[in-house]
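Take a look at the structure set out below.
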Amino acid sequence: MALNVKNLEGNEVADDYTRKSVPQGRWSDTWYVFKSNFLKLVLINIFVLITFAPAVALMFFRSAYIQLLGNVYPFNSSILFPYYSDVTGLAERLTLSADILFYAALVVSGFIAAVGIAGAGYSIRKLINTHGEFSVKGFFHGIKVNYFNTVFPVFVFMIFLYATFLVGDQMRFAQAMGGGAAGEITAFVFIIIATVLVGLYLAWVYAVGTTYKVTVAQLFKNSFVLGIGSIIKTVLMAGFSLIPVWLFMIGGFVRIISYILFIFIGFSFILLCWTAFTQSVFDAYINPSLKAAEEEKKAARTQEEVVADEKQRARELLAAGKSELISHPIMPIAAEAATTGLGKTFTRKDISAAAANREKLGAEVSAYENEHKGDTVFVEYNKLFAEREKALADQTDKKGKKKKKISADNLLK
């Protein structure tokens, strides 16, 4: 499927490195980067974890706040009457009120988390494209060039995530009250679907915006085209990249494993997988566009450029066709005329004798060539190539009219 992506060729954000080729394939190269640069990925992950500290702290205080409310408000039915007549839905209402506050602060913390994501995304893309180059200075350079293209998709996604949490809390409150909750359930399903779809699209906005320098309109358009053009792969790779998140959601002992992953490699793993995947899509759809542009440029050459290229190609063919072995006489060397080499041990006298033999053989070769250079076979062979070489230099006749076009095809006929 050919995708109509525009304004990406030649606009790659690579200010402090030069992209290298991938001879063994994108995924093989990514695996090599992962296993041979593991400590660098751990360092990048720690940088990201620092910027996620406010979000982690908010989630901790949210849990502590809700637990505190649970201890203050009596939910034990044995002590309700006559102090509290009815607490139906009270827990759900308290959770909803807490989430309105804390998840709103979580959206704001996304501005800080985007700092780490911007630097880590640039550093990991540099690791992939250069087979292992990384520096702390490059991490902060990535923040400088990619922050605004990172904070926008992060902020929009956090808004949708905020809405998902609140709609979920409202649904559970409606269910606890015992009334009809069909509307809340439907809204919850739709907001989850919307958050997933928007999240996938924003992931492409992040990938395109942090990889190429494009206008806002081209950013949104190209992100949509690339996402739709690889929708199945996008869903599968997004699911694979988020393995640390799925482990966290399982809970229990597996959640402890996810904590360890997030501390050491979790964020880097997510960014490495997504960056490698999006780079493979860029390689598949943008490089052919570059080749097509080169073909168009080649087709738009002037007649003089075409003739010059044909002449150069003809010269190369002439040079490849003319053999030094048969263009001039070469004296056959008899076995008895061969020079004697030096053994493992030798004296100065042996060196002088070997040098004299070499000079004698060189004189004999020159004499043989001068004696036989007028032989017909050599004269005719060199004459053939002399005429062809002259044709390259002389393209006009005596009257000044241009001769027939010289090309690699008719020159050697």
Side-chain angles (χ1 to χ4, degrees), residues 42 44-76 84 87-120 143 147 150-177 184 187-188 191-192 194-196 198-199 202 242-271:
V42 171
I44 292 172
N45 193 83
I46 292 175
F47 285 153
V48 179
L49 187 63
I50 292 173
T51 62
F52 270 74
V56 174
L58 280 171
M59 292 298 95
F60 173 78
F61 285 118
R62 170 188 174 275
S63 299
Y65 180 72
I66 292 177
Q67 185 176 1
L68 177 63
L69 292 179
N71 293 331
V72 172
Y73 286 87
F75 295 100
N76 192 329
Y84 296 93
V87 291
T88 302
L90 179 59
E92 289 75 16
R93 189 161 55 247
L94 292 175
T95 300
L96 175 59
S97 63
D99 288 348
I100 291 174
L101 173 64
F102 283 96
Y103 284 135
L106 186 65
V107 173
V108 178
S109 70
F111 287 90
I112 302 175
V115 174
I117 298 174
I143 297 174
Y147 177 74
T150 301
V151 71
F152 173 76
V154 169
F155 174 72
V156 174
F157 179 73
M158 293 302 295
I159 291 294
F160 275 83
L161 196 62
Y162 178 63
T164 302
F165 287 138
L166 295 190
V167 172
D169 289 343
Q170 181 62 36
M171 178 194 68
R172 286 182 283 273
F173 173 69
Q175 291 174 330
M177 295 301 294
E184 286 80 0
F188 186 59
I191 193 62
I192 288 178
T195 301
V196 171
V198 171
L202 291 173
L242 294 174
I243 286 178
V245 177
W246 308 139
L247 294 178
F248 176 81
M249 295 177 66
I250 292 175
F253 177 75
V254 179
R255 178 168 291 183
I256 298 177
I257 298 177
S258 72
Y259 285 144
I260 297 174
L261 284 176
F262 273 114
I263 291 174
F264 291 101
I265 198 68
F267 296 108
S268 293
F269 176 83
I270 293 172
L271 290 171

With a 4.5 Å heavy-atom cut-off, do F262 and F269 have their side chains touching? no

Using the side chain to side chain contact (heavy atoms under 4.5 Å, CB included) rule, pick out the option among Y162, F157, F155 that qualifies with I159. F155

Whether T51 side chain and V48 backbone form a donor-acceptor pair below 3.5 Å: yes

First locate atom CG of L161, then atom CD1 of I192, and finally report the distance between them rounded to the nearest 0.5 Å. 10.5 Å

If you compare all heavy atoms of N45 against all heavy atoms of I265, which two are closest, and at what distance to 0.1 Å? OD1-C, 3.3 Å

Residues Y147 and F111: closest non-hydrogen pair is OH-O, 2.8 Å

When rounded to the nearest 0.5 Å, the distance separating CZ of F165 from OG1 of T195 is 9.0 Å

Working to the nearest 0.5 Å, report the span between CD1 of I66 and CG of D99. 5.0 Å

Considering all heavy atoms, the nearest F173-E92 contact: CA-CB, 3.7 Å

Measuring from atom CE of M158 to atom OG1 of T164, what distance do you get when rounded to the nearest 0.5 angstrom? 10.5 Å

Output for pair (I260 CD1, I256 CD1), nearest 0.5 Å, gives 7.5 Å

What heavy-atom pair brings P244 and S258 nearest, and what distance separates the two atoms? O-CB, 3.7 Å

Proximity of F52 and F267 rings by center, below 6.0 Å: yes

I want to check something: taking the side chain as every heavy atom from C-beta on, are L166 and Q170 in contact at a cut-off of under 4.5 Å? no

Flag side-chain contact, heavy atom, 4.5 Å: V254 against W246: no

Might you confirm whether atom CZ of F188 has over 12 heavy atoms from other residues, nucleotides or ligands at distances under 6.0 Å? yes

Any side-chain heavy atom of L96 sitting closer than 4.5 Å to one from R172? no

Give, for atom CG of D169 and atom OH of Y103, the distance between the pair rounded to the nearest 0.5 Å. 7.0 Å

Minimal heavy-atom distance between L261 and L247, with the atoms involved, is CD1-CD1, 3.6 Å

Do side-chain atoms of S268 reach the backbone of I44 as a donor and acceptor pair under 3.5 angstrom? no

Nearest heavy-atom pair of T95 and R62: which atoms, and what distance? CG2-NH2, 4.1 Å

